[in-house]
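Letters A, B, ... are given to chains in the order of the sequence lines, protein chains preceding strands, and every chain is numbered from 1.
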Protein chains: 2
Amino acid sequence: MARPYTPGVDRAHPAAGSAPADPVWSSVRDRLHASGLRWTPQRRTILDVLAASDGHVTGAELVERCRAIDPATTPSTVYRTLDVLEDLGVVRHHHGPDGREEFHVLPEAEHGHLHCRVCGRSWEVGAAEVEPMLDALRRHRGFEADISHMALVGRCADCREIRRG
Amino acid sequence: MARPYTPGVDRAHPAAGSAPADPVWSSVRDRLHASGLRWTPQRRTILDVLAASDGHVTGAELVERCRAIDPATTPSTVYRTLDVLEDLGVVRHHHGPDGREEFHVLPEAEHGHLHCRVCGRSWEVGAAEVEPMLDALRRHRGFEADISHMALVGRCADCREIRRG
DNA sequence: ATCGCTACTGCGACGCGTTGCGATAGAGTG
DNA sequence: CACTCTATCGCAACGCGTCGCAGTAGCGAT
Ligand SMILES: [Mn+2]
Ligand SMILES: [Mn+2]
Ligand SMILES: [Zn+2]
Ligand SMILES: [Zn+2]
């Protein structure tokens, strides 16, 4: 049952005016203001969800979790906010083997991603491990690759073991 | 104006029974049969389109070109056939910055892909250029990465020049 | 408290693929 | 040629995301 758009009133967030306790998250509000952007109940919902998540989450999952807090949540708003937050460095995204988005919340260190096509598991790969190639690309072509967005698909050690080839 | 499903009759391909002249393409028919798969008018249409394409093409573009030959073409059939052809090594796909599929027809050599986020241009990167990293991943983790599926997003030399950072 | 600017929201429609289903038609066999 | 088996097809519905539009509401200034 989709609620119609009911401005203000029943949309008030439990603590609408304030930001989450964690200093990392609370700074977001100020950084938005500093860029002439705004602090809204919808954005607070998304930040609450992100603060409660960690590791990699798909866009659809985030939408779903927002709806758990506010059933009136709209996908377009979530995705647009994720774009904004990516500009702020709060989240990073890459794409799974099927092209779907996966978000990493507050990545401590830059890293790329490995996806096993067979078993579906995935791993993070540190910047150091790919640095040689990135250097080569920078030197030879002047291309500066975004590590966070990197996702390599292939077969993991276990799955290669099973079916030699 | 969508034509209803009109089996057989007006679906006959100009040279329905035969395969394209090029030996590479004609072999496809035999290789399908060898695997217990079938040669259909729809598949011939798609192969005609692929034979007339080169470099990278999006899935949507391929569907559109098929419709130019046979307006009754259905997306699901095209995508399913592309899957089959990828198994045969006739095409390879990767994903653009937005996650959309791009197909490379008959790649002579394995290669990865670079996409500039700013100007939107893209380049191929030879296997040799990535080999060091792939070796490292194989040695340290036993992970065998698919080069053809690799797509790095970032900023090209020109676009870095313009806005230093 | 009120006002004005404009960032942001929800909506609706669209684009790209994918999937399950029942009907069709390849193609090997006799 | 008829017959059978089943791969493939078209369809319809769905999932993920994006975009333009018109109305709303943050927020800084008065
Ligand atoms: Mn893929
Ligand atoms: Mn992306
Ligand atoms: Zn695996
Ligand atoms: Zn560029």
- If you pin A:Leu32 and B:His95 to their nearest nucleotides in DNA chain C, which one's is more 5'?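 Between the two, 5'-proximity favours A:Leu32.
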- Query: If you pin B:Glu102 and B:Arg38 to their nearest nucleotides in DNA chain C, which one's is more 5'?
  - Reply: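 First, find each residue's nearest nucleotide; the 5'-ward one identifies B:Glu102.
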- Any idea which heavy atoms bring B:Val91 and B:Leu82 closest together, and the distance? CG2-O, 3.9 Å
- Query: Is the closest side-chain donor-acceptor distance between B:Ser53 and B:Arg65 under 3.5 Å?
  - Reply: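 Side chains of B:Ser53 and B:Arg65: pair found under 3.5 Å.
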- Give a yes-or-no answer on whether the side chains of A:Glu86 and A:His93 include a donor-acceptor pair shorter than 3.5 Å.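 Yes - a donor-acceptor pair under 3.5 Å links their side chains.
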- Message: Over all strands shown, is A:Gly36 touching base, sugar-phosphate only, or nothing at heavy-atom distances under 4.0 angstrom?
- Response: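 Since only primed, P, OP1 and OP2 atoms lie under 4.0 Å of A:Gly36, the category is sugar-phosphate.
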- Query: Are A:Glu144 and B:Arg117 within salt-bridge range, i.e. N to O under 4.0 Å?
  - Reply: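 A salt bridge is absent here (no side-chain N lies under 4.0 Å from a carboxylate O).
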How close or far is atom [atom2] of [N] from atom [atom1] of [X], stated in whole angstroms?
| X | N | atom1 | atom2 | value |
| --- | --- | --- | --- | --- |
| A:His33 | C:dC8 | NE2 | C1' | 12 Å |
| A:Arg44 | D:dC27 | CZ | P | 13 Å |
| A:Glu101 | C:dG17 | CD | P | 14 Å |
| A:Asp98 | C:dG17 | CG | P | 11 Å |
| B:Leu62 | C:dG15 | CG | P | 17 Å |

What's the closest nucleotide to the [X] side chain, out of [options]?
| X | options | value |
| --- | --- | --- |
| A:Thr74 | D:dC27, D:dT18, C:dG10 | C:dG10 |
| A:Trp39 | C:dG26, D:dG10, D:dC27 | D:dC27 |
| B:Arg100 | C:dC11, C:dC8, C:dC16 | C:dC16 |
| B:Leu37 | C:dT9, D:dT8, D:dC9 | D:dT8 |

- Message: Quick check on C:dA25: is either OP1 or OP2 less than 4.0 Å from any side-chain nitrogen or oxygen of B:Gln42?
- Response: no
- Under-4.0 Å side-chain N/O to phosphate OP1/OP2 contact, B:Thr40 with D:dA7: no
- Message: Determine whether a donor-acceptor pair (one donor, one acceptor, N or O, separation below 3.5 Å) exists between the side chain of B:Ser76 and the base of D:dC11.
- Response: yes
- Message: Taking B:Ala109's backbone N and O only, do any of them form a donor-acceptor pair with B:His111's side chain (distance below 3.5 Å, no angle check)?
- Response: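 Confirmed, B:His111 side chain pairs with B:Ala109 backbone.
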- Query: Can you tell me how far NE2 of B:His115 sits from CG of B:Asp98, rounded to the nearest 0.5 angstrom?
  - Reply: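 Those atoms lie 9.0 Å apart.
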- Item | Spatial distance of atom NE2 (B:His113) from atom NE2 (B:His94) [nearest 0.5 Å] | 4.0 Å
- Message: At a heavy-atom distance below 4.0 Å, what parts of residues 78-88 of chain A sit against DNA chain C?
- Response: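 Nucleic-acid contacts, sorted: A:Arg80.
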